[in-house]
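Report on one structure; see the data block that follows.
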Amino acid sequence: MDYNFKEIEKRWQEYWERNKTFKTPDDLSNPNKCYVLDMFPYPSGAGLHVGHPEGYTATDIYSRYKRMKGFNVLHPMGWDAFGLPAEQYAIQTGTHPSVTTKNNCDTFRRQIKELGLSYDWDREINTTDPKYYRWTQWIFIRLYNTWFDEKLQKGRPVSELPIPDEIKRSGDKEIKKYIDSKRLAYYDDAQVWWCPSCRIVCANEEVLYDGSHEKCGNKVEKKNLKQWMLRIPLYAERLLSGFDKLEWPEGIKEMQRNWIGRSTGAEVDFQIDGLDEKLTVFTTRPDTLFGATYMVIAPEHQLIDKITTEKNRDSVKQYIRAASLKSDLDRTDLAREKTGVFTGRFAINPVNNEKIPVWVADYVLTGYGTGAIMAVPAHDTRDFEFAEKFNLPIVCIQDPDVNDTTQREKILAGKECWTEDGRYINSSSKENGIDINGLNKEAGISKITDWLEKKNIGKAKVNYKLRDWLFSRQRYWGEPFPVIHWEDGEITLLDENELPLQLPELEKYQPGESGESPLSNATDWLKVTDSSGRTGRRETNTMPQWAGSCWYYLRFIDPKNDSMIFDPKKEKYWMPVDLYIGGAEHAVLHLLYSRFWHKVLFDLGIVSTDEPYQRLFNQGMILAFAYENEAGAKIPADLAEERDGKYYNRETGAELRQIVAKMSKSLKNVVNPDDVVLRYGADSLRLYEMFMGPLDVIKPWDDKGVKGVYNFLARTFRFFANSENITEGPESKEILKGLNQAIKKVEGDIENLRFNTAISAMMIFLNLATKQGKVTRDTVKTFTKILSPFAPHLAEELWNMQGNKNTIAYEPWPEVNEEYLKEDTFEYPVSVNGKLRFKIELPVSMDKEEIGRIILKDERAQKWLATGTLANLIVVPNRIVNLVIRN
RNA sequence: GCCCGGAUGGUGGAAUGGUAGACACGCAGGACUUAAAAUCCUGUGGGCAGUAAUGCCUGUGCGGGUUCAAGUCCCGCUCCGGGUACCA
C-alpha cells in the first residue's frame, strides 16, 4: 500500500474544515487553558516563505499536544495587513490597497490551510478591518487620556491628574498645556526623513547608509513635522522589572534591557561664566568632576545662541549648519574624526571653581541626557580623543589599578586614557569642602553625589536610552488617528462612540504638498465643523504598523465583539498568552511596544495581567545554500551544478564554493513551501522543518533532508496500514518498552520545544517495530497518537483505518507506564583512567562493593591491572565504572 | 568597540560532568529487477595492525587548568553569526 499523501491530506483538511474540528469552545469552565500564539504575518505578495511554517508548525504541535492533554486551547491566526508595499502598489497601479491586501490574505490563508495547521479560523482577524482598527483607535484615545504617576509607578486617567496651584492660578490655557505635557500620547515637532525628489517622508529603514533614499537614490533631508509621540520611557522601570516573572530567552531580555539602556549617575549644574545661566549635564561619573577640563554641548542645544560669543558666532553657526546636513549615519559612523568648535564661552567647574571652555561638537547627542556633557579626557575615551585633537588639557585624577609601571606613568601624565577603577588623586578642594583623594570609584561616586545634593547643584539621576516613540507616519495605508485639529489650535479626540474613523477612499495616493500624508488629498473627509460653526481638519498622519500588532492577541480572545474591545470575563480566562513563538527580528521593537501598551491597559484596569506573553520562544532563521566563485562573488543557485560532491558553474565550468546565505531572489535560492507540499506533502514539510535542528538555531534548508522525513512517514504508513503487520494477543516486552520510551521522550520534548529529538525518538520506535515485524492494534493506536501532533494528516488516516470514526485531535494523550521501562540489568561501561575498555552486564540492584569485586576479577580488567597498581576504583551504580591505575 | 550566541564525521545534528557521533542525509557494498527508479538488508569519524574475530592509537575550533572522569565546568585566545553603536 502506497503512501498517497495528496489524497490523505486533502481528505483530512476537508474533514477538519467541514467539522470545525479546531473551533475553540467558549467554555470558560475548564480550568486548564492554553493560549498558543504565533506572531501573525504581514501578508506579502510573495506568499508564504519556508520561514513561516517553522514557527507555525511548532505552535501547532504544541497546541495539538495540549488538546490531547485535556487543555482548552486557543490557537488563532490573523493578518498584520497595514503596510507600505500595498500602498506603493496603489501609487503605481491605482489598485486600492484593500484589494491587494485581500488577495494576499487569501493566498496566505490557502497556503496555511494546506499545511494542516489547527487554527480556529472563526477567530481570524485583520488589522485593516475597520471592525478591528476601531479598537486600535480606542486604545489610542486611552493612551491620550492617561498620565503616568511616577510615585505609584502607574498609569492613571488624566481626570485624576493633580494640577499644581501655580498652574491653576495661571488660567485654563496653562492648565490644558500642563495636562498635555503629561499625557502618554502627545503632539509635537519631530524630525523625520524627507525625500525632496519623491516628495515623501521615509522610514529610517528606507534610508541607505550613504544617506540616500533606497527608492530613488537621491539624498534625503531632515525635516521638522508635527508628529504624535508616545511617552514609553516613563514605563522603563516597569518594562525592566516585568522580566522577572517571564519565561523568555535570556538573550531577548538582555536585548530589551540594552535597548532601554538604564544608566545611573548624576545631574550636575555648571554656572556659565558671564551669563546668568547654568549648563546642566548628566554624567555616570560624577566622581571625575576634578578631571573635567572642558564642556561640550550638542549642536542642537537650546542655550547655544546665548552661550556663543560674538567673536565665535560665525564658526559656530557654520558648524551647526554642517551638522544638520549630516545624516544620523554620518554622525555615528565610528571611523569618523571628531569635530567641534569653541563657543568662546567658559563655565565654572563647581568642585574647584576653575574656568573651563565650552565647545560644540556633534559627538554629543541632543536626545540623550541633557544634550551637554562635562568632558573628562583622562577617564573617558571619547573626551580623550577630542582633547588630543584640539589640544585641550588632560588632567589625570585617578591613580590606576595597573601593574604595568610604564602604562601607569603614561596615564598619570595624561598621555593615556584610563576608564577602570583606581585611587583618586588631585581631587580635593578645601574652600568647597570636598575631598575624595584615596577613595575608589564606588566610594567616590557616592561621596561626590552626596556633596552635590547638599550644595544643591546636582542630584543622583537615572537615565535611559529609550526615547519617546514616534507614533505617526505620513502614509495612507494605516489606522487614521481619531483626532481633529481645530482652526483655533485646539486638538480634540473623537468620542468613543464615533469610532471607527474609517479611511476615506482616495483617487490618488501621492503625498500632499508639504510633506503631508496622502490623506491630505481627502478633501471632504478632512473638513469638519462643530455645532458652533468652528471648522477643523482631521489628522492626516496614520499610525505605524506596530499599532495593530501591539494588541492583536487581545482581540483573538473575543474577535467579533462589536460592543466592547473584548469581554473581560474571557480576557481573564485566556490571558496571559502561554506560549508565543516568532522570529527574533521582533525581539526588541514589537515586543517592547506591545508590553508597553499592555501595561497601560493593565493600569487602567482593562486587562488582568501585567505582562502579555508568559513564555516566549524565537525560532531561528532558515537559510539556504548559495554559491560563490573564487573571488567571493555570489553566483545564482540555478547556475550551480553538482559533480562528485563539488560544485561548478554551469556556464563557465569554474569551481564554486557552497555557502549558506539568507534566501533571496537575487541568489535564486528561495524555497517555496508550495513546491515542497506538492512533492512530499504537508506532513513531510512540517516534519522536516522540525527535524532540521533545534527550533531556536539558524539552519540551512537542504532538499535532500526532506527525503529523510518523507521516507519515515512513508515507512510508517506502509507498516501500520498493513493489516498483516497487526497481531492479536499480548504485546511483546520489547515493543512495550520501546513504545513507552517513545511516549516519554516525545512528551518531554514537546514541553521543551525540542521537536527534532522527539521525531528521532519516533523513528527509533518505527525501526524497532519494523524489525519485530508485528505489533498489536493497541500499539498502532498509541503510536498514532504521539505522531499526530507532528503529522496530523497521516495520523488521522491511520486512526481511521483502526476503525475509529472521530478525529484523533481530542483523543487523550497516552500515559507512560513506567513498569515497562524498568530494567533488570545494566551494561556497565568500564573505563581505565577515563578510557572505555570493555562492557559488562550486571543486575541493576547490585551494590557498589559487589560490582567492584566482580569487575576487578574480570580478565579484561586484570590485563590492565597488570600494567600498574590500582590507585582508585570509582563505581557509579547504573552509570559507569572507572579504574584508576598508576604505574 | 561593547553585549549576547555559536564552533562536534562528507552534511543536518544527538549527548542530566559518566560509553562522543543518537536519528537522518550522503556514500559504499549486497538483495529484488532484463535494467533503472522505488524498496529492503549491511557497513560507514580518522589512523595503524590483523585473513578475520578483534586490538590499539587518535578525535568535539586553538592553548592551559579543575576532576577518578570534560564536547559539557574555569581561565586565556581564534574564527563565525546576531544585536547595538560617540548613550556621557
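Lettering follows sequence order; numbering is per chain, from 1. Values in this document were obtained by computation on a predicted structure and should not be read as measured data.
- One P atom belongs to B:U72, the other to B:U19, and the distance between them is 13 Å to the nearest Å.
- Within 4.0 Å of A:Ser263, counting heavy atoms only, lie sugar-phosphate atoms of the nucleic acid but no base atom.
- The base of B:C68 is not paired with the side chain of A:Asn872 by any donor and acceptor separated by under 3.5 Å.
- Checking each of A:Ile851, A:Ile855, A:Val881 against A:Leu873 for a side chain to side chain contact (heavy atoms under 4.5 Å, CB included) leaves exactly one that passes, namely A:Val881.
- Nucleotides B:A20 and B:C3 are separated by 36 Å at their P atoms, to the nearest Å.
- Looking at residues two or more places apart in sequence or on another chain, you find a side chain to side chain contact (heavy atoms under 4.5 Å, CB included) between A:Asn711 and A:Lys707.
- On the P atoms, B:G61 is 13 Å away from B:U11, given to the nearest whole Å.
- If you check every strand for non-hydrogen atoms under 4.0 Å, A:Ile373 touches a base.
- Under 4.0 angstrom from either OP1 or OP2 of B:A14 there lies no side-chain N or O belonging to A:Arg754.
- For B:C73 and B:U60, the P atoms lie 16 Å apart once the distance is rounded to whole Å.
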TODO: Produce a footprint string for nucleotides 21-26 of chain B: one letter per nucleotide, 5' end first; B if the base is under 4.0 Å from any protein heavy atom, S if only the sugar-phosphate is, - if neither.
DONE: -BBSSS
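- Paired with A:Tyr294 under the rule ring pair (Phe, Tyr, Trp, His ring centres under 6.0 Å), one option of A:Phe386, A:Phe270, A:Phe384 passes, and it is A:Phe386.
- Consecutive pairing runs in RNA chain B reach the stem threshold at B:1-7 with B:78-84, B:10-12 with B:23-25, B:26-31 with B:39-44, B:45-49 with B:54-58, B:61-65 with B:73-77, where a stem means at least three Watson-Crick or G-U wobble pairs with distances under 3.5 Å.
- The closest donor-acceptor contact from the side chain of A:His379 to the backbone of A:Trp418 lies under 3.5 Å.
- A parallel orientation is assigned to the rings of A:Phe720 and A:Phe765, their planes being inclined by less than 30° (bins at 30° and 60°).
- Annotation for A:Glu859: atom CD does not count as buried by contact number, only 12 or fewer foreign heavy atoms lying within 6.0 Å.
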Tabulate atom names and distances for all N/O pairs under 3.5 angstrom spanning the protein and nucleotides 2-9 of chain B.
none

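- B:U66 sits 7 Å from B:C74 when the C1' atoms are compared, rounded to a whole Å.
- Projected onto RNA chain B by closest heavy-atom contact, A:Gly834 and A:Thr770 fall at different nucleotides, the more 5' of which corresponds to A:Thr770.
- Listed nucleotides: B:G18, B:A14, B:G83. Nearest to the side chain of A:Met255: B:G83.
- Taking A:Tyr828 as the reference, nothing meets the side chain to side chain donor-acceptor pair (under 3.5 Å) condition, with sequence neighbours excluded.
- Taking atom CD1 on A:Ile840 and atom P on B:U19, their separation rounds to 18 Å, with Å as the unit.
- Going from the C1' atom of B:U78 to that of B:C62 covers 7 Å, rounded to whole Å.
- The 12-atom threshold is not exceeded at NZ of A:Lys459, counting heavy atoms of other residues, nucleotides or ligands nearer than 6.0 Å.
- When only modelled atom types and interatomic distance are considered, A:Thr825 and A:Glu841 share a side-chain donor-acceptor pair under 3.5 Å.
- Counting non-hydrogen atoms under 4.0 angstrom, A:Val884 reaches the backbone sugars and phosphates but no base.
- Ring geometry for A:Tyr710 versus A:Tyr3: interplanar angle of 30 to 60°, hence tilted.
- Per the geometry, CG belonging to A:Asp749 stands 11 Å off P belonging to B:A14, to the nearest Å.
- For NZ of A:Lys744, the number of neighbouring non-hydrogen atoms (other residues, nucleotides, ligands) closer than 6.0 Å is 12 at most.
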Open item on the list: Generate the contact string for nucleotides 52-62 of chain B. Rules: B means base contact, S means sugar-phosphate contact only, - means no protein heavy atom under 4.0 Å.
Closed with: ---SSSS----
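- Spacing of P atoms, B:U44 relative to B:G6, comes out at 32 Å, to the nearest Å.
- Counting to the nearest Å, the C1' atom of B:C68 and the NZ atom of A:Lys848 are 12 Å from each other.
- Separating the P atom of B:A88 from that of B:G81 is a span of 28 Å, rounded to the nearest Å.
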